[in-house]
Amino acid sequence: MTPPPPLPPPTPSAILVVQAASPRIPGTPDAGAEYREMQRAITHAQYAHALTLESLQAAQARDLPDRLLQNTPAVLHFSARGTPGGGLRFLTDDGGEAPVSDQGLCKLLTEFVAEGLRLVVLSACWTWELAHLLAGTVPCVIGTSGPITDTSCLDYSRTLYSTLAHGRSVAKAHSIAVAAAEMYGAELDCLPELLTAPGVYAEALHLVGAEYRTPPTRTTVKPQGGGFSWRLRKKPMAGDPDLWP
């Protein structure tokens with residue numbers, strides 16, 4: 001009887017970092033530093049082999065649809081700038097930045113949910129309105145309601161992806177990342193918040209697939225004696241030589 005063909009190897013979950021901030025503008029977040037922190041955090045995690053990290057550098061708005069068509073990621077992380085009422089900003093041909101339509105970006109990303117997009121992280125200030133729009137269709141969205149410092153942003157992102165790469169759920173990773181950033185001194189009101197689409201439970205959503213999360217191997221522990229050698233003996237009976245004087 002011919003044995004069944006071997007199962008194909010599991011496919012790692014892809015994380016795409018869209019680096020859309022212009023370095024020419026004062027106060028622009030350091031997208032390169034955030035990417036390096038994420039890379040280090042994933043590399044040293046338990047299930048690093050279950051994730052891939054890629055970047056779209058110097059991203060303009062027109063670059064995004066083509067990149068998503070090539071390979072839809074499980075996580076889309078925007079490392080960019082936001083302004084109050086101005087939406088997420090992308091690089092322009094002259095090296096500056098310009099906002100894009102929140103409605104248009106939401107419609108674009110919605111088209112890729114059926115192809116595997118599970119989490120959108122808006123690592124930028126004032127992205128709460130966009131996060132609410134995206135949460136209508138994207139399973140999980142993380143956004144910020146106000147300004148956030150570069151240091152707090154790095155602390156949050158580093159811990160978020162480290163926890164995800166250790167096999168925790170999106171909800172657990174977010175909670176741990178917020179707690180860590182607050183411990184380091186971040187203002188709690190300015191930290192990112194997690195939203196979910198209707199019927200989605202972030203506690204049940206993992207980037208590391210079940211095929212990677214193998215149960216721990218149990219090691220049999222042998223009892224260690226305290227220096228005495230114990231031997232079981234049967235109860236002596238009448239006539240046993242051991243009872244003779």
Side-chain angles (χ1 to χ4, degrees), residues 14-42 52-113 115 117 119-138 141-158 160-161 186-187 190-193 195:
I15 302 169
L16 176 61
V17 181
V18 179
Q19 298 175 328
S22 173
R24 296 185 182 181
I25 299 177
T28 297
D30 190 341
E34 185 176 32
Y35 181 85
R36 289 189 296 273
E37 288 291 326
M38 293 167 58
Q39 188 176 46
R40 277 194 290 266
I42 293 173
T52 61
L53 183 65
E54 305 169 5
S55 67
L56 180 60
Q57 299 178 1
Q60 298 187 15
R62 61 172 175 261
D63 299 327
L64 186 58
D66 290 340
R67 182 59 184 80
L68 294 175
L69 287 168
Q70 294 173 19
N71 181 28
T72 302
V75 181
L76 188 59
H77 181 106
F78 288 96
S79 186
R81 280 203 326 138
T83 53
L88 205 62
R89 305 176 72 85
F90 281 77
L91 280 165
T92 56
D93 289 331
D94 60 2
E97 294 176 352
V100 296
S101 164
D102 284 354
Q103 293 283 353
L105 181 59
C106 181
K107 290 179 180 179
L108 173 67
L109 299 187
T110 297
E111 295 295 328
F112 292 93
V113 171
E115 299 187 22
L117 182 61
L119 170 63
V120 173
V121 179
L122 303 170
S123 184
C125 304
W126 294 291
T127 52
W128 192 238
E129 292 184 9
L130 175 58
H132 269 279
L133 285 174
L134 289 170
T137 54
V138 177
V141 185
I142 294 173
T144 307
S145 59
I148 181 172
T149 66
D150 288 355
T151 300
S152 298
C153 190
L154 291 177
D155 292 336
Y156 175 84
S157 294
R158 178 178 60 252
L160 176 73
Y161 288 101
E187 293 288 339
C190 298
L191 286 173
E193 298 181 51
L195 296 173

Can you tell me how far the CZ atom of Arg67 sits from the OG atom of Ser55, to the nearest 0.5 Å? 9.0 Å
Minimum side-chain heavy-atom gap Ile42-Ile15 below 4.5 Å: yes
Of all heavy-atom pairs linking Ala61 and Val100, the shortest is CB-CG1, 3.7 Å
Where do Ala135 and Leu195 come nearest, in terms of heavy atoms and distance? CB-CB, 3.8 Å
Between Ala14 and Asn71, the two heavy atoms sitting closest are CB-ND2, 4.4 Å
Might you point out which heavy atoms bring Glu34 and Ser157 nearest each other, and give the distance in Å? OE2-OG, 2.7 Å
Please report the shortest heavy-atom distance between Arg81 and Ala124, naming the atom on each side. C-CB, 3.9 Å
Is the shortest heavy-atom distance from the side chain of Trp128 to the side chain of Leu122 under 4.5 Å? no
Heavy-atom closest contact (Val17 atom, Met38 atom, distance): CG2-CE, 3.5 Å
Ignoring hydrogens and geometry, is there a side-chain-to-backbone donor-acceptor pair from Asp66 to Asp63 under 3.5 Å? no
Rounded to the nearest 0.5 Å, what separates atom CD in Glu187 from atom OG in Ser152? 8.0 Å
List the steps and the verdict of side-chain contact (heavy atoms from CB on, under 4.5 Å) for His77 and Tyr35. CA-CA 10 Å; His77 181 106; Tyr35 181 85; over 6 Å; no
Going through the distances and angles, do Leu68 and Leu109 end up as a side-chain contact (heavy atoms from CB on, under 4.5 Å)? CA-CA 9 Å; Leu68 294 175; Leu109 299 187; 3.8 Å; yes
Gap separating the CZ atom of Phe78 from the CZ atom of Phe90, nearest 0.5 angstrom: 4.5 Å
For side-chain contact (heavy atoms from CB on, under 4.5 Å), just list the numbers for Gln60 and Asp93, CA-CA rounded to whole Å, side-chain angles, deciding distance to a tenth of an Å, and then say yes or no. CA-CA 8 Å; Gln60 298 187 15; Asp93 289 331; 3.1 Å; yes
Here the gap from Leu53 atom CG to Leu16 atom CG, rounded to the nearest 0.5 Å, amounts to 9.0 Å
What distance separates Leu88 CG from Leu64 CG, expressed to the nearest 0.5 Å? 9.5 Å
With rounding to the nearest 0.5 angstrom, report the CD1 to CG distance, Ile142 to Leu134. 12.0 Å
Hey, are the side chains of Pro99 and Thr83 touching, using non-hydrogen atoms and a 4.5 Å cut-off? no
List the steps, then state whether side-chain contact (heavy atoms from CB on, under 4.5 Å) holds for Tyr156 with Thr144. CA-CA 12 Å; Tyr156 175 84; Thr144 307; over 6 Å; no
Can you tell if the side chain of Trp126 reaches within under 4.5 Å of the side chain of Pro147, non-hydrogen atoms only? yes
